[in-house]
There are 2 protein chains.
Amino acid sequence: MKRNVLIIGAGGVAQVVAHKCAQNNDVLGDLHIASRTVSKCEAILDTVRDKAAMKEDGVFEAHEVDATDSDAVAALIGSTGAQIVINVGTAFVNMHVLDACIATGSAYIDTAIHEEPDKICETPPWYANYEWKRRELCAEKGITAILGAGFDPGVVNAFARFAIDQMDEVTSIDIVDINAGSHGKYFATNFDPEINFREFTGVVYSWQNGAWQENTMFEVGRSWDLPVVGPSQAYMSGHDEVHSLATNYPQADVRFWMGFGDHYINVFTVLKNIGLLSEQPVMTAEGQEVVPLKLVKACLPDPSSLAPDYTGKTCIGDLVSGRKDGKPVDYFVYNVADHKEAYEEVGSQGISYTAGVPPVAAAMLVATGEWDAKTMRNVEELDPKPFFTILDAIGLPTRVQIGGLGGKDMPWTEV
Amino acid sequence: MKRNVLIIGAGGVAQVVAHKCAQNNDVLGDLHIASRTVSKCEAILDTVRDKAAMKEDGVFEAHEVDATDSDAVAALIGSTGAQIVINVGTAFVNMHVLDACIATGSAYIDTAIHEEPDKICETPPWYANYEWKRRELCAEKGITAILGAGFDPGVVNAFARFAIDQMDEVTSIDIVDINAGSHGKYFATNFDPEINFREFTGVVYSWQNGAWQENTMFEVGRSWDLPVVGPSQAYMSGHDEVHSLATNYPQADVRFWMGFGDHYINVFTVLKNIGLLSEQPVMTAEGQEVVPLKLVKACLPDPSSLAPDYTGKTCIGDLVSGRKDGKPVDYFVYNVADHKEAYEEVGSQGISYTAGVPPVAAAMLVATGEWDAKTMRNVEELDPKPFFTILDAIGLPTRVQIGGLGGKDMPWTEV
C-alpha cells in the first residue's frame with residue numbers, strides 16, 4: 001500500500017532522500033519535504049525536477065517547519081497526510097519529530113541518535129538516554145519507529161544481523177568505515193561539521209569483554225585492508241550502532257572503526273586543543289558570546305558543496321566473528337560506493353548517498369508492510385534480507401567475503 | 001625636568017611600562033594609567049604596590065578612557081597634566097591618541113604602527129598610511145612624537161643606526177627576533193593574538209634591491225645561529241621597522257626575520273587555511289556574525305597569563321653589513337632577555353618586558369630633553385647612545401659582535 005512521506009531536513013542527506021523517494025514514488029505516494037528554511041527545500045525540489053527523478057506523476061511539495069516544535073511537526077503531518085516521516089534533520093530535533101509521529105500515528109525513521117546541543121557522548125547505551133524512553137509508548141500505540149536507518153548506523157546493523165544469522169554464536173562485531181575519496185579541499189567534513197566533530201571530542205565507547213570500555217579518540221588505531229579501497233588506517237571511534245548492537249548482542253565485542261588520514265587528525269588535533277571544537281560558548285574581548293564549534297562549522301565548506309568534485313570510493317562493512325557447529329567462522333559484509341556516480345545520479349557526494357538511500361529503503365519496507373513493526377526497532381531487530389534486496393536495486397549492493405577479510409567474495413544472495 | 005606621564009593601555013606591555021615608570025618616577029614625575037577597563041589599570045597598580053616599585057613617593061592613578069575618542073584622551077591629558085603619553089593600547093587607537101597629543105601639546109610615544117580593524121598589511125611604507133601624515137603638523141606645532149619605540153620596532157632601529165654610524169655605507173640590515181623561551185602551553189601567542197596573527201596573514205614586505213618585495217609568510221626561511229639561544233629557524237616576516245628603515249636607508253636591503261618552531265607553523269597554517277584567522281566576519285548557521293580572529297583570540301591563553309611559568313631567553317638583534325674605508329664590515333648588535341627574570345622583576349614575561357622597557361627609556365630621554373625632538377621621529381632618526389645607556393641601566397643591555405654573527409663580543413660601549 002502506498003504511504004505518503006514527509007522528509008524533515010534539507011541538507012546533503014535530505015537531497016539524496018528526496019531523489020530516492022521520487023525515484024520510488026510508485027511505492028511511496030505523495031511526497032513532502034520540510035525544513036526551517038523553505039528555500040533549501042525548494043532548491044532540492046529543483047534538482048529533482050532537473051533530473052526528472054519522479055517515477056510517476058505525483059505530489060512533491062516543500063514546507064517550512066521548525067522541527068524543534070512537536071506541535072508544528074504534528075500539524076504538518078496532519079495537513080500533508082504523511083504516514084511515514086523520514087527525519088534527516090539535525091540530530092537535535094529527533095525527539096521532537098518522534099513525539100509528533102507518536103501523537104499523529106505516523107511511522108518514524110531516522111538515521112542518527114538524538115543529541116542535546118550542550119551535551120556530548122553521554123552515558124552508554126546512548127539510545128537509552130532518549131529514543132528508547134519512548135519504546136513502550138510506541139508498542140502500546142502501535143507506532144512503527146525505526147531508529148538509525150542510515151548506513152552507519154543502519155545498513156551496518158543489518159550487515160551484523162545477516163552474519164549473525166549464519167552462526168550459532170557471535171563473538172565480535174567490528175564495523176569499519178573507510179572513505180577513500182578525495183574532495184580536493186584543504187579540509188572538509190563529509191557531513192555537518194558540528195555533528196561530525198561532536199562525535200570525536202568526547203569519550204570513545206566500545207563494548208568489550210561484556211562491559212563498556214572508554215578510550216579517547218585516535219588512541220586505538222590499526223590498518224584494515226578492505227576490498228577495493230585497500231589498506232587504510234582506522235581508529236576506534238564512538239558511534240551510535242555500537243550502543244544498540246552491544247545491547248542486543250552483549251556476548252559479542254562491538255567496536256566501530258573510522259578511517260582518518262594524518263592530515264585530518266592533525267587539523268582535528270589543532271582545533272580541539274585550542275578549544276575551537278567546544279560546544280560551550282566563550283566570550284570575546286568585545287563581549288560577544290560565541291560557540292566555537294558553530295563558528296568552525298561556518299568557516300568549513302558546506303558538505304554538499306563537495307559533491308561536484310568528489311572522486312573515489314567508500315567501503316563500509318562489518319567483520320563479524322563467531323562459531324558455527326563448534327568451528328570459528330568469519331564474515332565480512334560490505335558495500336562499496338562511488339562519489340562520482342552518486343553525484344551523477346542525485347547531485348550528492350558518496351557519504352550523503354550512503355546515508356540517504358537506506359532510510360528510503362526502510363520507508364519502502366514500511367509501506368509494503370515488511371518492516372511495519374508497529375513498535376520501536378533498531379535495524380538489527382528487523383529482517384535484513386528484504387532491506388538488502390531493495391538496497392541492491394536502488395544503488396547500494398551488499399557483498400560478503402566468507403572467511404573474513406580477503407575471503408571468498410560474493411553477493412549476499414549467494415551466501 | 002620631570003615630566004608627568006599618562007600610559008594608555010592595560011595589557012601585558014602596559015604592566016611593564018607601569019613598573020618601569022614607577023621605578024624611574026624621580027625622572028618622570030606624576031604617573032597615570034588609563035584604559036577602557038579601569039579595573040585592569042587598578043590591577044596593574046596593585047602589582048606596582050606589591051613590588052614597592054615607586055622609586056620615590058608620588059602620584060600613580062588609574063583612569064577609564066575610550067582611547068578611540070580623541071577628545072576624551074585630550075581631556076584626560078588636560079586633567080592629569082600629562083606631558084608625555086606612552087601609548088601601549090591596541091594598535092587600533094594610535095591615531096586617536098596621537099591627535100589628542102597634538103591638540104594638547106603633549107609628547108607622544110608608541111610601540112607599533114596604527115592599524116585599522118578591517119585592513120591588513122597595507123601599502124608600504126606602512127607609516128605613510130597613517131602616522132607620517134601628521135609629521136608636518138608635529139613639526140609646525142613643536143610636538144615630540146616618537147614612533148615605534150618598543151623593542152622591535154624601537155631598540156632594533158637604534159641597533160641599526162648604531163651600526164650604520166660605524167660605517168661609511170650600509171648595504172643590508174637583517175633584524176632577527178628569536179624567542180627561545182617555553183611557556184608550557186599547547187599553543188599561545190606572546191602578545192595580543194589578534195595583532196600577532198594579523199602580522200602574518202597578509203603580504204610579507206621586505207626592501208631589497210631598492211624596491212619593495214612581496215612574499216608570503218613562511219615562504220623564505222633560514223637558520224640563524226645567535227648568541228646564547230643558538231641555532232634557530234626564522235622566517236622573513238612583515239614588521240613595522242622595515243618600513244621606516246627602508247625609507248631612511250633606501251640603499252640597504254632591509255629584512256625582518258622571526259623565529260618559529262614547526263609546531264607554531266603547523267597551528268598557524270591550520271587556522272589560516274580554515275579561515276579562522278580572518279578579520280572579516282562570517283555568518284553562522286544561527287545567523288550570528290562573528291569575526292573568526294576575535295574568537296580564536298578568546299580561545300587562546302591571555303599572553304599575560306603565560307608569565308609565571310615562562311622559562312628561557314630571547315635574543316633579538318640586527319646583523320648590519322656595509323663598507324668602511326673601502327672594506328666590508330659587519331656588526332651584530334643585540335640584546336638577550338630572560339623570561340623568568342622579567343617575571344620576578346615586574347610580573348611579566350620576557351616578550352612584554354622587551355616591548356615595555358624601551359618606551360619608558362624613550363620617555364626618560366624626552367624628559368631629560370635628549371630626545372625631545374619637537375617633531376615626529378622614528379627611532380633610527382634619534383641618537384642611539386643615550387637610549388642604550390638608559391636601557392643598560394634599566395634591564396636591557398646592548399651588546400655587539402664585531403665582524404658579524406659569532407664575531408668578537410663586547411658591550412656597545414667598547415665598540
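Order of the sequence lines fixes the chain letters, A, B, ..., with proteins taken first and strands second; residue numbering starts at 1 for each chain.
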Participant: Report which part of Val290(B) has an atom under 4.5 Å of a heavy atom belonging to chain A: side chain, backbone, both, or neither.
Facilitator: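 For Val290(B), heavy atoms of backbone and side chain both lie under 4.5 Å from chain A.
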Participant: Where do Tyr186(A) and Asn273(B) come nearest, in terms of heavy atoms and distance?
Facilitator: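 Closest pair (atom of Tyr186(A), atom of Asn273(B), distance): CE1-ND2, 2.9 Å.
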Participant: At a heavy-atom distance under 4.5 Å, which candidate from Pro301(B), Gly275(B), Ala298(B), Cys299(B) has the highest pair count against chain A?
Facilitator: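 Most pairs with chain A among the choices: Cys299(B).
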Participant: Using a cut-off of under 4.5 Å for heavy-atom pairs, which of Met283(A), Lys297(A), Glu286(A) has the most such pairs with chain B?
Facilitator: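 Counting heavy-atom pairs under 4.5 Å, the top option is Glu286(A).
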Participant: Would you check if the side chain of Gln288(A) reaches a backbone N or O of Val291(B) as a donor-acceptor pair within less than 3.5 Å?
Facilitator: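 It does not hold such a pair.
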Participant: Once you round to the nearest 0.5 Å, how far does CG of Leu295(A) lie from NZ of Lys294(B)?
Facilitator: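 So the gap between those two atoms works out to 13.0 Å.
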Participant: Any side-chain heavy atom of Ile274(A) sitting closer than 4.5 Å to one from Leu276(B)?
Facilitator: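 The answer is no; the side chains never approach within 4.5 Å.
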Participant: Just give me the residue among Thr37(B), Val282(B), Asn266(B) that pairs up with chain A most often, heavy atom to heavy atom, under 4.5 Å.
Facilitator: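 Result: the option with the highest number of such pairs is Asn266(B).
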